[in-house]
Amino acid sequence: MIVGGPSHLYRSENEWAAFAERLKITPCPHCKKVGNLIRHGSLHGFDDASPPRQTLRARRVYCSNRHRRTGCGRTFSVGIADKLRRLSLSSRTLWRFLQRAAASSLAAAIRAMAADGDAGSLRSHRTWQRLWTRFDRSQSAIRTALLARGPPVSHASIAAAHRPAAAEVLAHLQATFPHDDCPIAAYQHAMQAFFL
Ligand SMILES: [Zn+2]
């Protein structure tokens with residue numbers, strides 16, 4: 001359970017349905033009591049489709065203290081693994097950007113994202129820079145989490161990358177989830193934690 005974040009990240013509606021069915025026997029992440037959790041609506045946000053659409057970002061769960069229930073009255077959210085915390089960017093768009101920025105320069109990566117022309121790519125220079133800084137700060141934590149699941153990989157393209165350390169983390173991430181179309185979503189789902 002992540003303090004201040006969702007206590008569960010799921011990737012499919014089936015997985016959410018299974019979680020929702022177990023609410024009555026699931027302990028509250030705040031007060032640890034069992035038997036008071038109920039569904040409490042959902043959170044929506046805009047995605048990076050073109051034009052942007054409202055999509056479901058998380059569902060709320062309430063630890064009820066009403067109607068003779070003895071919960072703590074607090075809520076928590078149950079998130080979706082291909083969404084990013086506080087960002088209207090999909091994990092796939094972020095993955096594409098990070099790979100480019102590690103391989104070439106940040107400026108070239110930003111130009112390439114703009115050339116893609118989808119709404120997720122049309123962000124300001126500063127937004128991309130901030131995303132890169134966030135990734136840069138998270139790199140060692142991500143590396144540590146990945147090392148628990150397998151060794152890093154090495155190949156020639158990593159050494160040749162503009163930022164070899166970042167390229168190594170991204171290659172490690174891809175090697176950890178080789179069969180997933182978005183390694184960042186797979187990471188968030190497997191670790192039950194946000195990537196950035
Ligand atoms: Zn509670």
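Just follow the structure's listing: the first ligand is 1, and inside any ligand the first atom is 1. Computed from a prediction, not measured in an experiment: that's the story for all the values here.
In this pair, F135 and F195 present their aromatic rings parallel. The plane angle is below 30°, not in the 30 to 60° band.
Electrostatic pairing of E15 and R22 does not count as a salt bridge here, judged by no charged N lying under 4.0 Å from a carboxylate O. Here R11 pairs with D180 in a salt bridge; the nearest charged N to carboxylate O distance falls below 4.0 Å. Using a cut-off of 4.0 Å between Lys/Arg side-chain N and Asp/Glu carboxylate O, D136 and R130 are scored as not salt-bridged.
Listed by first then second residue, pairs satisfying salt bridge (Lys or Arg N to Asp or Glu O under 4.0 Å) with a partner in residues 140-152 read R143-E168, not counting sequence neighbours.
Closest approach of H44 and S42 over heavy atoms only: CE1-OG, 3.3 Å.
Around the Zn ion (ligand 1), the protein contributes the following N, O or S atoms under 2.8 Å, ordered by chain and number: C28 SG, C31 SG, C63 SG, C72 SG.
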